[in-house]
Visitor: 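Below is the structure I would like to discuss, written out as C-alpha cells.
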Amino acid sequence: MTRFNTHVEDHGTHVTIHTPDPFSYQQVVAYLNRSENECLHRVDGATVYKAIPINTEIAVMAVSNPTPSRIEIRLLESGGCAVSDALLAAARYVWEWFDLDANLVPFYQLATGDPVLKTLVTDYYGLRLIGVPDLFEALCWAVMGQQINLAFAYTLKRRFVEAFGTRTTVRGHTYWIFPDACRISELTPSELTALGFTTRKSEYLAEIARWMRRGAITKQGLLALPDLESVVDALTDIRGVGKWTANYVAMRCLRHRSAFPIDDVGLHHAVSRLLGMNQKPTREELGVLFAPWHGYEAYATFYFWRHLLAPEY
DNA sequence: CACCAGGAATTGC
DNA sequence: GCAATTCATGGT
C-alpha cells in the first residue's frame with residue numbers, strides 16, 4: 001500500500017482514487033463483466049457493485065469512473081460502522097482488487113520490444129490483473145475451476161456462495177459475501193456433492209477450509225514467505241492443491257509477478273489463437289515464449305486470458 | 001452424442 | 001521419476 005495514501009481522497013460522502021498510469025477503467029470493467037453468472041459483483045453499465053465484509057456486517061459499494069484518471073467509490077450500505085471507515089475499507093479493497101499498487105511501466109516498456117506482448121498491451125491497454133483478495137475464496141475458486149469449463153465453474157461458485165455465504169439486499173439487488181472457511185469446515189460431504197461438486201472436489205474444499213480454520217494457512221503467513229517457490233511448496237502441501245492452483249492463487253491473491261500457471265488450458269488456447277498455431281503449445285514452447293518475460297509471467301498470463309474474451313476474428 | 005474443460009491424486013512401471 | 005489412469009459432470 002505504498003502509494004495508497006497519496007492516491008486516495010476522502011470527500012465525506014465518497015472517496016476518489018487517482019489511478020496510476022497505465023490504467024483503463026473500461027478494460028477493468030470488461031474483464032469484470034466476463035460472466036453473466038458472476039455472483040460476487042455486479043456490473044451495470046460502467047458501474048461496478050460489490051459487497052465486502054466490515055467487521056461482522058456487510059458494506060456495499062458502487063465503483064465508477066467520473067474522469068479517465070479517477071475512480072469514485074460510494075456506499076449503498078455502510079455495514080453499521082462509520083461511513084468514513086467503510087469508505088476507507090472499500091477504497092483499500094478496490095486498490096488491491098484492481099492491483100493499483102503495481103507499477104506497470106516496466107511491463108509496458110518490455111512489451112514495446114516484443115511483438116506478442118505489444119499486441120496484448122495495445123489491445124488491452126491499461127488492464128490490471130484483477131485480483132481475488134480473499135485467500136479462502138481464491139483457493140476455492142481455483143479448485144472449483146479445476147478440469148471443468150469456466151461456465152460450469154461459475155455455476156458451481158454461485159451454488160456454493162448462495163448455499164453457504166451471507167447476503168444483503170439493497171435497492172432490489174442482492175449482494176453476496178463468499179462463505180467463511182469455518183462455515184465450510186463444518187459441512188458434511190453430502191452438502192457439497194449435492195451442489196454438483198464431485199466427491200473429490202468436495203474433499204478438497206473441506207480440506208482447504210480445515211487448513212484455514214486451524215490457521216495452518218494464512219494470507220499473512222504466505223505473504224511473509226521469501227519467494228514464489230516457498231509459496232508453492234506451502235500451498236501444495238494441501239491435498240487438492242497442485243502447481244496450477246498454487247500458482248493461480250499466488251498470481252491472483254498474493255500478487256506474485258512471476259506466478260505462472262503454465263499448465264492452464266485457457267492459457268494454451270489463448271497462446272495458440274494469438275500466435276496462429278494449429279494446435280495447443282507444448283510445455284517447452286510455452287517455456288520459450290515466456291522466457292523473455294520473466295518477472296512478468298502473471299501479467300502476461302492475465303492478458304492472454306483477456307484475449308480469450310475477444311471474438312474469434 | 002462425442003469431446004473436452006482455467007487439474008490433481010493415484011497407480012504402475 | 002515419469003507416463004498412464006481415474007475422477008466425473010455440465011457445456012457446446
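Treat the numbers as computed from the prediction; the structure is a model and nothing was measured. By convention in this document, chain letters (A, B, ...) are assigned in the order of the sequence lines, proteins followed by strands, and residues within each chain are numbered from 1.
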Visitor: When you measure from the side-chain N and O atoms of A:Thr245 to the phosphate of B:dA8, is any distance below 4.0 Å, counting only OP1 and OP2?
Guide: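 True: A:Thr245 side-chain N/O within range (under 4.0 Å) of B:dA8 OP1/OP2.
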
Visitor: Ignoring hydrogens and geometry beyond distance, is the side chain of A:Gln147 in donor-acceptor contact with the base of B:dA5 at under 3.5 Å?
Guide: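 Present.
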
Visitor: How many whole angstroms separate atom CG of A:Leu235 from atom P of B:dA9?
Guide: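 Nearest whole value for this atom pair: 12 Å.
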
Visitor: Look at the aromatic rings of A:His11 and A:His14 and report parallel, tilted or perpendicular, splitting at 30° and 60°.
Guide: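 It falls in the parallel class, under 30°.
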
Visitor: Please measure how far the P atom in B:dT11 lies from the corresponding atom in C:dA8, and state the result in whole Å.
Guide: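 Those two atoms are separated by 14 Å.
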
Visitor: What is the nucleic acid contact for A:Val241, judged by heavy atoms within less than 4.0 Å: base, sugar-phosphate only, or nothing?
Guide: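 Sugar-phosphate: the residue A:Val241, judged by heavy atoms under 4.0 Å, touches backbone atoms but no base.
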
Visitor: When the distance from CG of A:Asn149 to P of C:dA8 is rounded to whole Å, what number comes out?
Guide: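 The answer, rounded to whole Å, is 17 Å.
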
Visitor: How long is the line joining CD1 of A:Ile262 and P of B:dA8, in whole Å?
Guide: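 Taking CD1 of A:Ile262 and P of B:dA8, I get 13 Å after rounding.
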
Visitor: Nearest whole angstrom, please: distance from the P of C:dG11 to the CZ of A:Arg159.
Guide: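 So the CZ-P distance, A:Arg159 to C:dG11, works out to 8 Å.
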
Visitor: Determine whether A:Cys253 and A:Asp134 satisfy the following criterion, side-chain contact (heavy atoms from CB on, under 4.5 Å), listing intermediate values before the conclusion.
Guide: CA-CA 7 Å; A:Cys253 180; A:Asp134 180 69; over 6 Å; no

Visitor: To the nearest Å, how far apart are A:Asp263 CG and B:dA5 P?
Guide: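 About 13 Å, once rounded to whole Å.
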
Visitor: Counting just side-chain N and O atoms, does A:Arg200 come under 4.0 Å of either OP1 or OP2 of B:dT10?
Guide: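 Answer no for this pair, as no side-chain N or O of A:Arg200 is under 4.0 Å from OP1 or OP2.
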
Visitor: Using a 4.0 Å heavy-atom cut-off across all strands, classify A:Phe197 as base, sugar-phosphate, or nothing.
Guide: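 Contact class for A:Phe197: none.
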
Visitor: Report the nucleotide, chosen from B:dA5, B:dA8, C:dG11, that has the shortest atom-to-atom distance to any side-chain atom of A:Phe152.
Guide: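 The answer is C:dG11.
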
Visitor: Check the distance between C:dC7's P and A:Tyr204's OH and give it to me in whole angstrom.
Guide: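 Result: 12 Å.
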
Visitor: Would you say a side-chain N or O of A:Thr199 is under 4.0 Å from OP1 or OP2 of C:dC7?
Guide: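 No, no such contact exists.
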
Visitor: Does atom NE2 of A:His294 have more than 12 heavy-atom neighbours, drawn from other residues, nucleotides or ligands, at distances under 6.0 Å?
Guide: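 Incorrect, the count does not exceed 12.
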
Visitor: Rounding to a whole Å, what distance do you find between A:Asn247:CG and B:dG7:P?
Guide: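 Checked: the CG to P distance equals 13 Å.
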
Visitor: Considering only atom P, compute the distance from C:dT12 to B:dG7 and round it to an integer number of Å.
Guide: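 Nearest-Å result for C:dT12 against B:dG7 at atom P: 16 Å.
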
Visitor: Looking only at side-chain atoms of A:Thr198, point me to the closest of C:dA8, B:dA5, B:dA9.
Guide: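 The listed nucleotide nearest to A:Thr198's side chain is C:dA8.
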
Visitor: If the threshold is 4.0 Å, N to carboxylate O, is there a salt bridge linking A:Glu297 and A:Arg257?
Guide: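 Salt bridge absent between A:Glu297 and A:Arg257.
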
Visitor: Once you apply a heavy-atom cut-off of 4.0 Å, does A:Ile238 come out as touching a base, just sugar-phosphate, or nothing?
Guide: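 A:Ile238: backbone/sugar contact only, no base atoms under 4.0 Å.
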
Visitor: Please classify the nucleic acid contact of A:His269 as base, sugar-phosphate, or nothing, using heavy-atom distances under 4.0 Å.
Guide: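 The residue A:His269 makes sugar-phosphate contact but no base contact.
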
Visitor: Of A:Gly242 and A:Lys280, whose closest DNA chain B nucleotide lies nearer the 5' terminus?
Guide: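 That would be A:Lys280.
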
Visitor: Do A:Gln146 and A:Thr245 pair up side chain to side chain, a donor and an acceptor below 3.5 Å, judged on atom types alone?
Guide: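 Distance-only check passes for A:Gln146 and A:Thr245.
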
Visitor: Ignoring hydrogens and geometry, is there a side-chain-to-backbone donor-acceptor pair from A:Glu229 to A:Asp227 under 3.5 Å?
Guide: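 It does not hold such a pair.
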
Visitor: Let me know the distance between OH of A:Tyr154 and P of C:dT9, rounded to the nearest Å.
Guide: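 Rounded to the whole Å, the gap is 23 Å.
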
